[in-house]
Amino acid sequence: MLTYIIRRIFIMIPTLIAISVISFIIIELPPGDFLTAYTAELSMSGEAIDQVELESLKKRFGLDEPLYMRYLLWAWNFLHGDFGHSFEWNKPVRDLIGERLAMSVTISTCTLLFTWLVSVPIGIYSAVRQYSWVDHFLTFIGFIGLATPNFLFALVLLWVSYAYLGMNVGGLFSPEYSEAPWDLAKVLDLLKHLWIPVVIVGTAHTAKFIRIIRGNLLDELKKPYVTTARAKGLPETRLILKYPVRVAINPLVSTIGWTLPELISGIAITAVVLNLPTTGPLLLRALMSQDMQLAGTFIMFLSALTVLGTLISDILLAWVDPRIRYEAREVK
Amino acid sequence: MEESREAQKYLDASTRQLIWWRYKKHALAMIGLYLIVGLYVFSMFCEFLAPYSKDTRHFDMTYASPTKIRLFDDEGKLKRPFVREVKMDVDLKTQQIRYLEVAGTHYPIRLFVRGDSYEFWSLWEGNLHLFGVDAPGRLFLFGTDRMGRDLFSRCLYGSRISLSIGMFGVALSLLLGLVLGGVSGYVGGWVDSLIQRTIEVIRCFPSIPLWMGLAAAMPPHWHALKVYFMITIILSLVGWTDLARMVRGKLISLREEEFVLAARFAGAGHTRIIFRHLLPSFTSHIIVTVTLAIPHMVLAETALSFLGIGLRPPITSLGTLLKEAQNVTTIALYPWLLIPVAFVIATVLAFNFVGDGLRDAVDPYSR
Amino acid sequence: MATILAVENLRVHFFLDQGLVRAVDGVSFTLEEGKTLGIVGESGSGKSVIGQSILRIVPPPGQIVEGNILFQHQENGATTQIDLAQLDPWGKKARSIRGREIAMIFQEPMNSFSPVHTVGNQIIEALRLHQDVSAAEARNRGIEMLGRVGIPQPELRIDAYPYELSGGMRQRAMIAMALVCNPRILIADEPTTALDVTIQAQILELLRSLQEEFRMAILFISHNLGVIAEISHEVMVVYFGRVMERATVSEIFKAPLHPYTKALLESVPGIDTPVRTHLATIEGTLPDPHMYIRGCPFFGRCGECEGNTVCRDEPYELTWVAEDHYVACPRICVPM
């Protein structure tokens, strides 16, 4: 098991390097370097351009160096916690992203939990009572859930709650807490708002998961080991929970890997609609104003988080499914 | 006897016929098919079907609510559908614009009317529209936007762009997926590993932030058409991985099949083997994957344009239409601005239904 | 010899969308204590459904529509006769008989164990389900049982996952699981089909010795006449959900009466069959399962009836022809 984890971590490294290259390319994509844009902006607003500062910035980001050197410098700085400078906010990127990333991670985790808590029991029920009206109803809801993109769902929900319930469901905090320091009351306030994005982003995935669980479980219910267990005289409910459900859940663990990128995508755009203090709106704003160091850092972090999530899901899978441990041992 | 004739019919049927028969049994898939055909017909002939041009501005009718279509006149008699003339009015209490019908006016909805001129497919000039009303009566099925443009017409034009992005994007992804997946699966070795690692890395990226990053790199002064092509390319750059994986998996499993070995022993070259023997054996899978990929493209375009980093005016897509509906207060006052959402959902649902139905139908061994 | 199980006129129908399938259509037989009854038939003949009906685990949409399954049920020392066909299949009573008094082993030793639980876990579960024993004691009993069925190092193997055992070992473990509660009837549904011939022989030998040790009755279901000959005392030939012939094993092999039995026997190579002789095969396939055949279902494939309509039209009936020998062939049973 330990060797498996170590091997998995080693596989992660080239992926991370590739991701950093792509992030760097995105930073470099807009025509002209950002310093030119910066100086242009400064001169437009009539501020004096500090030549000394300009020179130091040039040096810091190696703007006179060739592309690959700039990349190496960027990566080196990144590893040391220097993510560059946001020219729009005139602040180090580092100071801007911390809390927002944490918020994104919180929402993703909660959404993942929500998705599991809702979809597992419903999926089991749908499979065991196949073709009952509940099953048909859930399939229908699932289709709608799958077809409605997160941000449109958010938009419609926003409108309904504003127009008919007279409340604004946007944001993650009530106005009085948004600037307040962290304390228990603020956490509670956060929880009060958190469920809305969680439900919005979670719905589509819940629908998808229900379909996966239902399909897997229907396959598993036909397997001979279920008959064996039945022949032992096990009560049906206990039997289904212990055997087929246990086996059907495993592939779901491995889906965490590809759900995370989708969740983070979904949250990014939903956050824009709902105006949440997460990475999404800031990333969008950074992209619109071509504040590329900030944007690139966000993209790098979001992708790295996904890679980390995949790692965790692989380890979890090896932990719950003895067959994968076995294969891992064989390969070694 | 009847039964055996039925059985014989099945035995004689071609694969394509069998697939079609199985497909027809799938009610949702048929609904999806009708929807898709409908949507494409709408968007192909939108110049003719839309009562107004997408850019015609009715300055005196900004944010007009959907026009009421009436069937009974003042005496309560059944008439052919007509509308009344509408005049803008300001509600003094709330300071909101509202539109009031002018009593007694009567403009029947007529078929094949002359109206805004257009260039049909940029080939023919015309001004014939399927339906409309005589001025000063106006027919806004879905209301108007902040510039007084007819939302129904704009939805049709928007569907055209969104659907075409879906088609072109998928076509491009298909090309990339076939070539890269094919090379990966057929050549194998380090080429395979390289392509597979690349796919893994791309899949690690949350797609929307990645799209956003790439799309935002387009200079703002670019022409709208150039942006359109760039967006298509960006979408397919991220979207080809699924197809490539499918193609590779199929190729690897087929490569060792007897019929391929037989072809090779018979002296067939690689190109011949790939195009004569391998590709035809999983065309149906390609079609399914493509069908399920189109809604992803449509959604991605909508999302990007909605955020303001995708298509830009004057190009009208479902996404740019929804960009108008970003603000809660605006939607609360003019809820018809949300109607394009229904088009998006219908498109996505229809393609999903068709894709699911096809998947069930092409695989004769499932169930 | 006491009868432990008597099946009378059992009918199991599957209500499918395409129509009704009579998987078991009027089957009767008795099972004696300590004896083995072999059920032989082609795939699709309904032989497995007979086994499943006795345990009441016929998968839906299958249903017992008629007949009795009379079982000598023992509880707290007293013996009562109970009709299994009348029980609620998911009820307490049925479950207490399943696994405790009547156990079953299956064909596919790979898939018949849950892949994500250890073999021991599944054996111990069977034991603790029916007997009030502590976890530690159950584990000891499990190890003991694994040793009994000839698994080396049972104290290690009890923690093995199914894929860590070979096919033969898995089938042994399956037998251990079935026998851990000391059942009085063991239903073996093609237990050796998926195994190599040498392992097959070992498993049959094991079953025979365990039968003597535990004094249990075995209902042995197989399509392989050779295997049936090895282990059974009595043989029942099933075709299209009906019993074609029933006799002691020596009768069946020496003096088969039904054309179907004869055809089956001819298609089995014997040790004295000369090399490179053409083995006889039975022409045709089983009739369409949706069909209802009033007479002999073998009509049409039969080489002896020569299109005699009596065979097709005379209602099916299993008839006594000699001591312990029953046949359902109109040509033999009905005077023409």
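Each chain gets a letter, A, B and so on, in the order its sequence line appears, and its residues count up from 1.
Interatomic distance, A:L287 CG to B:L307 CG, rounded to the nearest 0.5 Å: 9.5 Å. Atoms OH and CD1, from A:Y162 and B:I331 in turn, are 10.5 Å apart once rounded to the nearest 0.5 Å. Expressed to the nearest 0.5 Å, how far CD1 of B:I208 lies from CZ of A:F151 amounts to 7.5 Å.
In terms of heavy-atom proximity, B:V201 sits nearest to A:A18 at CG2-CB, 3.6 Å. Minimum interatomic distance between B:P209 and A:I299 (heavy atoms only, all atoms of both residues): O-CD1, 3.6 Å.
Only the side chain of B:F353 comes within contact range of chain A, with at least one heavy atom under 4.5 Å from a heavy atom of that chain. With a 4.5 Å cut-off on non-hydrogen atoms, A:I19 touches chain B through its backbone and its side chain both. Neither the backbone nor the side chain of B:T347 comes within less than 4.5 Å of any heavy atom in chain A. Proximity to chain A is absent for every atom of B:I202, based on heavy atoms less than 4.5 angstrom apart.
A 4.5 Å side-chain heavy-atom check between B:V348 and A:P149 finds every atom pair outside the cut-off. Using a 4.5 Å heavy-atom cutoff, the side chains of B:F306 and A:L155 are in contact. Between A:I22 and B:L210 there is a side-chain heavy-atom pair separated by less than 4.5 Å.
Atom CE of B:M167 sits in a sparse spot, with 12 or fewer heavy atoms from other residues, nucleotides or ligands closer than 6.0 Å. Counted within 6.0 Å of CZ on B:F42, heavy atoms from surrounding residues, nucleotides or ligands total 12 or fewer; the atom is thus considered open.
Looking only at heavy-atom pairs under 4.5 Å with chain B, the residue among A:T279, A:L152, A:L16 that has the most is A:L152. Options A:T306, A:L263, A:L305, A:I269 differ in how many heavy-atom pairs under 4.5 Å they form with chain B, and the most are formed by A:I269.
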Quiz item: Step by step, would you call A:L284 with B:M212 a side-chain contact (heavy atoms from CB on, under 4.5 Å)?
Solution: CA-CA 7 Å; A:L284 179 65; B:M212 283 163 72; 3.9 Å; yes
